[in-house]
Amino acid sequence: ILSSGDDSIRIDSSDSVSVNNNKIYDSKQTAIELNASSYSLLNSNKIQSTVSYGIDLQGASEYNTIDGNNIDSPDYQGIYLRSTASNNVVSNNTIEGSTFDAGIHALSDYNSIEGNYASNSGCSGIVLSGDYNNVTDNNISNSGCNGMDLSGINNIIDSNIIASSASGWEGSYSLMTSSVISNNNISDSGGATNNNGIVVSGDETTVIGNIITDSSCTTTCYAISISG
């Protein structure tokens with residue numbers, strides 16, 4: 001699919017649809033959009049250069065699986081779960097070079113975001129703004145902002161690898177409450193100053209078993225910074 005003037009593939013109010021093994025180039029809007037569609041599978045699609053999003057779930061799009069897609073150079077989010085798109089699985093996707101925004105951005109609840117690779121994002125590798133989500137085993141590198149930008153309640157952030165966030169930003173920045181940040185490996189967050197591995201500003205969050213290393217920071221550097 002080449003240079004479509006609107007969304008390249010749009011699924012509207014349809015359930016149990018499979019969108020597999022498509023190649024989408026130079027989409028003028030979103031490459032694949034689901035609106036009010038559930039129980040569908042988006043698998044092994046290759047998306048190259050979109051003016052908007054790589055994959056966008058909106059409306060009441062629930063219980064979908066987004067797995068094994070390769071998304072390169074979207075202008076905005078590689079994968080975008082809007083606030084009403086809950087209970088989805090986002091797994092084993094590769095997102096490279098989101099120009100202005102995050103590799104993966106989830107505004108909704110009860111999602112599983114696991115085993116994804118996000119590199120060279122214009123801002124954060126993963127942005128989470130919902131509740132009761134699991135973010136596990138993701139690999140994030142060379143983010144233009146924080147490696148992860150997190151908010152919400154009762155989220156689990158476990159066993160992620162975050163490397164080389166931008167100068168002056170954090171490996172993981174959290175406004176979450178009643179959540180767990182555990183067993184993550186965070187390295188080289190930012191530049192020589194104001195460089196922190198994990199920053200938590202919220203109550204009742206457990207931070208345990210993380211590995212944090214840095215080779216560049218010399219001033220105002222904290223492995224973990226927690227404030228109320």
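All values below come from the heavy atoms of this structure, side chains included, with hydrogens, waters and symmetry mates left out.
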Practice item. State, without any angle test, whether Asp67 and Ser91 hold a side-chain donor-acceptor pair at a distance under 3.5 Å. Key: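 Distance-only check passes for Asp67 and Ser91.
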
Practice item. Establish, from distance only, whether the side-chain atoms of Ser52 and Gln29 form a donor-acceptor pair under 3.5 Å. Key: no

Pairs where [range] contributes a residue and the test salt bridge (charged side-chain N to carboxylate O under 4.0 Å, His left out) is met, not counting sequence neighbours:
range            : result
residues 97-117  : none
residues 52-65   : Asp56-Arg82
residues 128-138 : none
residues 32-54   : Arg10-Glu33

Review point. Any chain of hydrophobic side-chain contacts (each under 4.5 Å) joining Ile24 to Val90?
Key: yes

Practice item. Determine whether Met176 and Ile140 fall in the same hydrophobic cluster, where Ile, Leu, Val, Met, Phe, Trp and Tyr are linked whenever their side-chain heavy atoms lie under 4.5 Å apart. Key: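 Cluster IDs for Met176 and Ile140 match.
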
[X] side chain to [Y] backbone, donor-acceptor under 3.5 Å:
X      : Y      : answer
Asn210 : Ile181 : yes
Thr30  : Asp7   : no
Asn138 : Val135 : no
Ser37  : Ser14  : yes

Point to revise | Those residues that, when tested against Tyr222, pass ring pair (Phe, Tyr, Trp, His ring centres under 6.0 Å) (two or more places apart) | key: none

**Study point:** By ring pair (Phe, Tyr, Trp, His ring centres under 6.0 Å) - contacts of Tyr80 (at least two apart)
**Key:** Tyr53, His105

Practice item. Hydrophobic side-chain clustering at under 4.5 Å (ILVMFWY, transitive links): who's grouped with Val51? Put none if nobody. Key: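 Joined to Val51, directly or through intermediates: none.
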
Point to revise | Other cluster members, Tyr63 - Ile/Leu/Val/Met/Phe/Trp/Tyr, side-chain contacts below 4.5 Å | key: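 Answer for Tyr63: Tyr39.
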
side-chain contact (heavy atoms from CB on, under 4.5 Å) involving [X] - partner list, sequence neighbours excluded:
X      : value
Leu41  : Ser18, Asn20, Asn43, Thr65
Ser182 : Asp158, Val180, Ile208
Leu175 : Ser151, Tyr173, Ser201
Val19  : Ile9, Ile11, Val17, Asn22, Ile32, Leu42, Asn45

**Study point:** Intermediate values then yes/no, side-chain hydrogen bond (donor to acceptor under 3.5 Å, both in side chains), Asn146 and Ser124
**Key:** CA-CA 5 Å; Asn146 302 314; Ser124 299; 4.7 Å; no

